[in-house]
**Student:** 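After the structure tokens below, expect a handful of questions from me.
Each ligand, and each atom within it, is numbered from 1 in the order the structure gives.
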Amino acid sequence: MTVLVTGGTGFIGSHTVVELLKEKHNVIIMDNLCNSKLEALHRIEQISGQKVPFYQVDMLDKEGVTRIFEENKIDAVIHFAGLKAVGESVTIPLKYYHNNITGTLTLCEVMAQYGVKKIVFSSSATVYGMNNQPPYVEDMPTSATNPYGYTKVMLEQILTDLHTADPEWSVSLLRYFNPIGAHESGLIGEDPNGIPNNLLPYVSQVAIGKLPCLSVYGNDYDTPDGTGVRDYIHVVDLAKGHIKALNYLMGRTGVEIFNLGTGKGTSVLEIVAAFEKASGKKVNYKIVGRRAGDIASCYADASRAKKLLGWVAEKNIDDMCRDGWNFISKNPNGL
Ligand code: NAD
Ligand code: UFG
């Protein structure tokens, strides 16, 4: 089958493209490269030994998106493209709403026009908000605390409404927990611009000596060691979850929501220890105050994906840290 992957040169998209190619699917990538580099495409081609058609198109550009559907017979879309920095979304909300929401509306309009009604969407555990208790189950009420989170809550609703209006649509809403790690080749991985916001890229840069010290945001949470607990998932496991979700929706119509996580929580200090073990480097850290908007603990009930998709995360924290370290060691300055 031919799959259009939006955001396919990004962190999760690039790993998913590699898995799609491994499963013998035809892949077309669309990305405007606002948060990724063309080098990711070359690396994907190096890993897979295949040329991958690439369109440098902004999803807000309806003519550009239309051209992709005009020139290719597309069966389904995996939609990663979007802006994802929580703090930045608070500073420039209109840009986030415009890019993520208008961009997705544009994509869906073109899909409908070409009769392509199968979409796998990148949602996030952020939609569980601050009022639910983990483990999170798919039918819990959703909410958000920042514009980025609201784009995910709204897009889940929009895609659900699309199916209500036209039952031929088949929609898979994948709620990712915290993706980390990298492809085992060390050729692709997470490559953030500037100083990282997220824990693992920050820890990696401390380990490699680019940053002096990790600030641990609070050790007074109601967790075993007082630091924040998250459900870290290897990006390759996550990528494989997309293939399963794609296969699931091909034979069906409807809207399905799946948590993609391991179901297991790991604290900030446990991550520091695991990364030190994987890298053989010291990760200096200091305890500072809590970060606004953070919750104590976030982890999945991953049983639905296991039951309906036959998917379970296979890699553990040591695998994630080993592969993350391999990537940054081979690419200390990114791609
Ligand atoms: P990423 O930034 O590495 O990849 C997103 C890609 O989308 C980038 O390559 C960027 O250039 C592209 N893009 C953004 N706006 C675009 C537009 N208007 N037109 C075309 N391309 C555009 O991010 P990622 O970590 O791979 O995340 C992928 C998706 O998963 C995002 O939707 C993100 O919100 C979601 N998600 C990520 C995480 C995470 O922790 N990484 C967690 C939950 C959900
Ligand atoms: N943390 C630190 N120091 C840092 C960075 C993070 O102590 O420099 C802590 C945080 O307080 C939290 C944990 O590390 O306890 C993880 O933080 P991240 O920023 O890596 O991840 P979050 O869980 O806060 O959020 C991420 C994405 C969101 C997404 C969410 C769920 O940034 O977009 O996972 O998928 F919604």
**Student:** Considering non-hydrogen atoms of the protein only, which is the closest contact for atom 33 (O) of ligand 2, and what is the distance?
**Tutor:**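 Answer for atom 33 (O) of ligand 2: Y148 CE2, 3.3 Å.
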
**Student:** Below 6.0 angstrom between ring centroids: does that apply to F80 and H242?
**Tutor:** yes

**Student:** Is the contact between V57 and ligand 1 made by the side chain, the backbone, both, or neither, using heavy atoms and a 4.0 Å cut-off?
**Tutor:**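 V57 to ligand 1: backbone contact only, side chain stays beyond 4.0 Å.
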
**Student:** Establish, from distance only, whether the side-chain atoms of Y128 and N259 form a donor-acceptor pair under 3.5 Å.
**Tutor:**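 Yes, N259 and Y128 have a side-chain donor paired with an acceptor closer than 3.5 Å.
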
**Student:** Does R290 make a cation-pi contact with Y221 (under 6.0 Å, within 45 degrees of the axis)?
**Tutor:**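 Satisfied, under 6.0 Å and within 45°.
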
**Student:** Does a salt bridge link R67 with E70, judged by any charged N lying under 4.0 Å from a carboxylate O?
**Tutor:**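 No salt bridge links R67 with E70.
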
**Student:** Flag the pair E256 and R304 as a salt bridge only when some basic side-chain nitrogen lies within less than 4.0 angstrom of an acidic carboxylate oxygen.
**Tutor:**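 A salt bridge links E256 with R304.
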
**Student:** Crowded around E276 CD? As in, over 12 foreign heavy atoms under 6.0 Å?
**Tutor:** yes

**Student:** Can you check which of T104, I12, L33 brings a heavy atom nearest to atom 26 (O) of ligand 1?
**Tutor:**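 Heavy atom nearest to atom 26 (O) of ligand 1 belongs to I12.
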
**Student:** Considering non-hydrogen atoms of the protein only, which is the closest contact for atom 23 (O) of ligand 2, and what is the distance?
**Tutor:**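 Of the protein heavy atoms, R230 NE, 2.7 Å lies nearest.
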
**Student:** Is there any N or O on N99 that sits under 3.5 Å from an N or O of ligand 1?
**Tutor:** yes

**Student:** Are R322 and D319 within salt-bridge range, i.e. N to O under 4.0 Å?
**Tutor:**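 The answer is yes: the pair qualifies as a salt bridge.
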
**Student:** Ignoring hydrogens, just give me the one of L199, T266, I180 whose non-hydrogen atom is nearest atom 6 (C) of ligand 2.
**Tutor:**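 When every heavy atom of L199, T266, I180 is considered, L199 comes closest to atom 6 (C) of ligand 2.
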
**Student:** Among protein heavy atoms, which lies nearest atom 20 (C) of ligand 1, and at what distance?
**Tutor:**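 The closest heavy atom on the protein side is N32 N, 3.3 Å.
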
**Student:** Among protein heavy atoms, which sits nearest to atom 17 (O) of ligand 2, and what does the distance come to when rounded to 0.1 Å?
**Tutor:** R291 NH2, 3.4 Å

**Student:** Which residue supplies the protein heavy atom nearest to atom 16 (C) of ligand 2, what is that atom called, and how far is it?
**Tutor:** Y232 OH, 3.4 Å

**Student:** Of the side chain and backbone of E190, name the one, both, or neither that has a heavy atom under 4.0 Å from an atom of ligand 1.
**Tutor:**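 Looking at E190 and ligand 1, no heavy atom falls under 4.0 Å.
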
**Student:** Where is the nearest protein heavy atom to atom 31 (C) of ligand 1: which residue, which atom, and how far?
**Tutor:** F80 O, 3.2 Å

**Student:** When you compare ligand 1 with D31, is there at least one nitrogen or oxygen pair between them that comes in under 3.5 angstrom?
**Tutor:** yes

**Student:** Taking 4.0 angstrom as the limit and counting only heavy atoms of S123, give me the atoms of ligand 1 inside it, by number and element.
**Tutor:** 43 (C), 44 (C)

**Student:** Who's the nearest protein heavy-atom neighbour of atom 7 (O) of ligand 2, and how far?
**Tutor:** Y217 N, 2.9 Å

